[in-house]
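As a basis for the values below, the full set of heavy atoms in this structure was taken, side chains included, without hydrogen atoms, waters or symmetry mates.
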Amino acid sequence: MKVYPQAGIDRLYFGMSMTQVREAWGQPEDIYHFHPLCDSLEERDVVWQYANGTELSFSSCDNFVLGTISVSSSEAELEGKCVIGKSILEIRLMFPDLELDDDFDEFGQDYLLADKDVSLWVVAGKVDTISLYPDYDEHGSMRVNQPLSEQGS
């Protein structure tokens with residue numbers, strides 16, 4: 001499974017509608033709704049979970065198009081490198097620009113590749129999840145960049 005920063009994974013890319021995602025990957029194993037703010041029920045996310053360890057989020061803030069992708073499959077490749085299950089020391093050698101964003105002690109740490117809008121969630125010293133985020137322009141609109149596999153490269 002190829003991971004394309006600021007674009008998507010495999011045949012999925014940021015900005016796709018739920019219908020387009022369903023056509024590309026089929027029905028998710030599970031769907032749940034997340035309300036980040038209790039006072040603003042109109043602000044919510046719809047999260048799709050697939051059996052391959054992929055979670056897709058569609059937010060009301062982005063008109064319910066694909067806006068966040070999280071992957072925990074050991075087959076995920078970031079810049080041609082498998083990172084899930086690797087130690088943080090190995091990851092730092094692969095990606096020298098990696099920065100610790102938040103440390104939640106025994107719960108895990110969040111590392112960022114800020115220039116790529118990629119987050120690596122680390123638990124017990126090993127990468128557990130890769131999260132991808134789209135790029136936004138100066139007006140707050142999502143830039144849609146199709147993964148290279150869809151561009152024919």
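Counting heavy atoms from C-beta outward, Trp48 and Val21 have side chains that approach closer than 4.5 Å. Residues Asp45 and His33 fail the side-chain proximity criterion, which asks for heavy atoms closer than 4.5 Å. Side-chain contact between Ile84 and Ile130: present, with at least one pair of heavy atoms (C-beta onward) separated by less than 4.5 Å. Counting heavy atoms from C-beta outward, Met1 and Thr54 have side chains that approach closer than 4.5 Å.
Between the CD1 atom of Ile9 and the CG atom of Leu78 there is a distance of 12.0 Å, given to the nearest 0.5 Å.
In this structure, Asp103 contributes its side chain and Asp105 its backbone to a donor-acceptor pair below 3.5 Å. In terms of modelled atom types and a separation under 3.5 Å, the side chain of Arg11 and the main chain of Ala24 share a donor-acceptor contact. Using a distance-only test at 3.5 Å, with no hydrogens or angles considered, a donor-acceptor pair links the side chain of Ser72 to the main chain of Gly53. Side chain of Asp30 to backbone of Gln49: no donor-acceptor contact under 3.5 angstrom is found.
Under the rule for a salt bridge (charged side-chain N to carboxylate O under 4.0 Å, His left out), Lys86 has no partner lying at least two apart in sequence or in another chain. Residues passing the ring pair (Phe, Tyr, Trp, His ring centres under 6.0 Å) test with Phe104 are Trp121, sequence neighbours excluded. With sequence neighbours excluded, no residue forms a side chain to side chain donor-acceptor pair (under 3.5 Å) with Arg92. Every residue two or more places apart in sequence or in another chain was checked for a ring pair (Phe, Tyr, Trp, His ring centres under 6.0 Å) with Tyr133, and none qualifies. With sequence neighbours excluded, no residue forms a ring pair (Phe, Tyr, Trp, His ring centres under 6.0 Å) with Phe95.
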**Item:** Step-by-step side chain to side chain contact (heavy atoms under 4.5 Å, CB included) determination, Asp102 to Gln109
**Value:** CA-CA 6 Å; Asp102 278 315; Gln109 294 79 38; over 6 Å; no
**Message:** The test is side chain to side chain contact (heavy atoms under 4.5 Å, CB included); show your working for Ile91 and Tyr111 and say whether it passes.
**Reply:** CA-CA 10 Å; Ile91 298 301; Tyr111 286 85; over 6 Å; no
**Request:** May I have the step-by-step check of side chain to side chain contact (heavy atoms under 4.5 Å, CB included) for Phe58 and Met18, ending in yes or no?
**Result:** CA-CA 8 Å; Phe58 304 85; Met18 291 181 190; 3.7 Å; yes
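For CD of Glu90, the number of neighbouring non-hydrogen atoms (other residues, nucleotides, ligands) closer than 6.0 Å is greater than 12.
Under the salt bridge (Lys or Arg N to Asp or Glu O under 4.0 Å) criterion, the residue pairs touching residues 115-140 are Glu79-Lys116, Asp135-Arg143, Glu138-Arg143, with sequence neighbours excluded.
Listed here is the closest heavy atom pair of Phe14 and Met142: CB-SD, 3.8 Å. Between Gly8 and Ile69, the closest heavy-atom pair is CA-CD1, 3.7 Å. Across all their heavy atoms, Met94 and Cys82 have their closest contact at CE-O, 4.1 Å. Shortest non-hydrogen contact noted between Pro5 and Val118 is CB-CG2, 3.9 Å. Of all heavy-atom pairs between Tyr4 and Leu132, the closest is O-CD1, 4.4 Å. Between Leu12 and Met16, the shortest heavy-atom distance links the atoms CA-SD, 3.6 Å.
By the criterion of side-chain heavy atoms lying less than 4.5 angstrom apart, applied directly or through intervening Ile, Leu, Val, Met, Phe, Trp or Tyr residues, Leu98 is not grouped with Leu112; the two fall into different hydrophobic clusters. In this structure, Leu100 is a member of the same hydrophobic cluster as Val122, with clusters built from ILVMFWY side-chain heavy atoms closer than 4.5 Å. Under the 4.5 Å side-chain heavy-atom criterion for Ile, Leu, Val, Met, Phe, Trp and Tyr, Val123 and Phe107 are members of the same hydrophobic cluster.
No side-chain N or O of Asn52 forms a donor-acceptor pair with one of Ser73 less than 3.5 Å apart. A side-chain N or O of Ser70 and one of Ser131 form a donor-acceptor pair less than 3.5 Å apart.
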